[in-house]
Amino acid sequence: MPFEKPVGIFDSGVGGLSVMREVRRLLPAEDLVYFADSAHCPYGLKQPGVILARAFAISEFLVARGAKLLVIASNTTSIVALDALRQRYNLPIVGIEPAVKPAVAATRNGRIGVLATGVTLAGDRFNSLVERFGNGVEIYPQACPGLVELVESGGFNKPEAESLLKTYLTPLLARDIDTIVLGCTHYPFLRPVIERLVGKNISVIDSGRAVSQQVVRVLEKHGLLRHTTLKGKEYFFTSSEPGVVEPVVRLLWGDPGVVVEQAEI
Ligand code: DGL
């Protein structure tokens, strides 16, 4: 039965878990298969061709595991690979993009900062987002090398996280922004530190909730929603060492019983 199949979710590493937790919140009955491409993380410093090849390999793996829908829980990968994946696979694919549109709606002073990877900020999709929804608002992009690696190592509460974030937030604060977009799925795990550094008057927005709402809409539209009172299961895979990735997944997913399996793809 197609609706009994899992939803496949992937990212360069553990960041996409910030999207998966929103999907889980809205869809308690669905089985979810997550792939963390930790052996190739971070994507934000790679050539688009490399990211595209990884996106194909991972999608192949998730489709082979029966995925009925794919969620690209990575802004960087969505920017590079969303169109190509949609052309190749005959199944619904949901991507993610920085929440520029909601930020433009939310800003009071017309000044927004966008934190993301260099690949995301350099992509045509990002430029087109700004052109379509910018609406006269000042949008300040800020690439944040190093943050993904910190989250990958489980170090989001370490002093390094705070000092790196200060480096990236200071120029934005100097621009008097009142809204910050978290345009990388790793960054919501740094939200407490970011909110502490910027203070209460600056809104911090990410796309996780909007993506999970889109997943519900698309599953509904294709008649793929699982209707049961049973709780869905989660399956976790990584291209790297499970011994390294598993403790971080347990921490971020909030379940000490999580098992991460290795898939060499
Ligand atoms: N978490 C991903 C994103 O949303 C990828 C980050 C990276 O690997 O550089 O962009």
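Whatever order the structure lists ligands and atoms in, that order sets their numbers, starting from 1. Positions are given from 1, in the same order as the sequence printed here.
Because its NZ or CZ atom is both nearer than 6.0 Å to the ring centre of Phe56 and within 45° of the ring axis, Arg88 counts as a cation-pi partner of that residue.
Checked against the 6.0 Å centroid criterion, the rings of Phe61 and Phe10 do not qualify as a close aromatic pair.
Counting protein heavy atoms only, atom 5 (C) of ligand 1 is closest to Ser12 OG, 3.4 Å. Closest to atom 9 (O) of ligand 1 among all protein heavy atoms lies Gly44 N, 2.7 Å. Among protein heavy atoms, atom 2 (C) of ligand 1 sits closest to Asp11 OD1, 3.2 Å. Among all protein heavy atoms, the one lying closest to atom 3 (C) of ligand 1 is Asn75 N, 3.3 Å. Of all protein heavy atoms, the one closest to atom 10 (O) of ligand 1 is Thr76 OG1, 2.5 Å. Here the protein heavy atom with the shortest distance to atom 7 (C) of ligand 1 is Tyr43 N, 3.4 Å.
The aromatic rings of Trp253 and Phe236 stand perpendicular to each other, their planes meeting at an angle above 60°, with 30° marking the opposite boundary.
Considering only residues two or more places apart in sequence or on other chains, Asn127 meets the side-chain contact (heavy atoms from CB on, under 4.5 Å) condition with Asp124.
Under 4.0 Å from ligand 1, the heavy atoms of Val148 that appear belong solely to its side chain.
Using a 4.0 Å heavy-atom cutoff, Cys184 is listed among the residues neighbouring ligand 1.
Salt bridge absent: Glu138 and Arg111 never bring a charged side-chain N and a carboxylate O closer than 4.0 Å.
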(request) Evaluate the criterion side-chain contact (heavy atoms from CB on, under 4.5 Å) for residue pair Ser78 and Arg125; output intermediate values, then yes/no. (result) CA-CA 9 Å; Ser78 298; Arg125 258 176 191 275; 5.7 Å; no
